[in-house]
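We count residues from 1, following the sequence as given.
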Amino acid sequence: MHSINSISEFHRQLSLPAPLHPLVSVIDVSGIKPDESDIWEQFYVNFYSISLKKDVTAKLKYGQHYYDFDKGTMNFIAPKQIQSLTIAEIRKMNVECGKGYMLLFHPDFLYTHPLATKIKTTISFRMRLMKHYISPNGKKETL
């Protein structure tokens, strides 16, 4: 598994210019050209990502499921959440990546702000909720 530790490193892996600030960046998804590298097979980032995307043809594996962004989506990724893309999906992205924006910010960007505690609490709650999911048939299941 590969760890992408900084926003600058993420920019390099996506063939983008260096970010203007080391702790926060906004990326136009249409300009992304990921390196055809095995790092994407299983990776995580050490920063937060909020994305609003449309017409993205590549399928991202997040956890145990693949997610389809072609009709549009807004997604939230926290540090250390495992994701993966195949080389075939990377090649699709290099031809046509879709539209949208990604807001990236390092946890240190919010270090002294009360929002940092709120984010940690919300993510912790969401992760506990996902572990104990009640299916539509009424059975309690562990995801």
Would you mind reporting whether Leu103 and Ser49 have side-chain heavy atoms less than 4.5 Å apart? no

If I compare all heavy atoms of Phe105 with all of Phe47, which pair ends up nearest, and what's the gap? O-CB, 3.4 Å

Closest non-hydrogen atom pair between Ala18 and His11, with its separation: C-ND1, 4.1 Å

Supply the atom-to-atom distance Ile32 CD1 to Cys97 SG, rounded to the nearest 0.5 angstrom. 4.5 Å

If the threshold is 4.0 Å, N to carboxylate O, is there a salt bridge linking Glu9 and Arg12? no

Gln81 vs Tyr44 side-chain heavy atoms within contact, under 4.5 Å: no

Could you walk me through whether Ile77 and Gln83 pass side chain to side chain contact (heavy atoms under 4.5 Å, CB included), step by step? CA-CA 9 Å; Ile77 304 290; Gln83 306 166 68; 3.5 Å; yes

Residue pair Met1 / Ile82, side-chain heavy-atom distance below 4.5 Å: yes

Rounded distance (nearest 0.5 Å) linking atom CE of Met102 with atom CG of Asn75: 7.5 Å

With side chains defined as the heavy atoms from C-beta onward, is the minimum distance between Asp55 and Glu96 less than 4.5 Å? no

I need the Trp40 CH2 to His2 NE2 distance, nearest 0.5 Å. 8.0 Å

Does some side-chain heavy atom of Met74 sit less than 4.5 Å from a side-chain heavy atom of Ile50? yes

Between Lys33 (side chain only) and Asn94 (backbone N and O only), is there a donor and an acceptor less than 3.5 Å apart? yes

Nearest 0.5 Å, please: how far is OG in Ser84 from CD in Glu89? 10.0 Å

CD (Glu41) and CD1 (Ile87) are apart, to the nearest 0.5 Å, by 6.0 Å

By the definition side-chain contact (heavy atoms from CB on, under 4.5 Å), identify the one residue from Met93, Lys99, Lys53 that meets it with Val29. Lys53

What's the separation between atom CG in Leu14 and atom CD1 in Ile4, rounded to the nearest 0.5 Å? 7.5 Å

Would you call Phe10 and Ile27 a side-chain contact if the rule is heavy atoms closer than 4.5 Å? yes

Side-chain touch Tyr48/Leu104, heavy atoms, less than 4.5 angstrom: no

Looking just at side-chain N and O atoms, do Ser6 and Asn46 make a donor-acceptor pair shorter than 3.5 Å? no

Ignoring hydrogens and geometry, is there a side-chain-to-backbone donor-acceptor pair from Asp35 to Ser37 under 3.5 Å? no

Between the main-chain N or O of Pro19 and the side-chain N or O of Ser25, is there a donor-acceptor pair closer than 3.5 Å? no

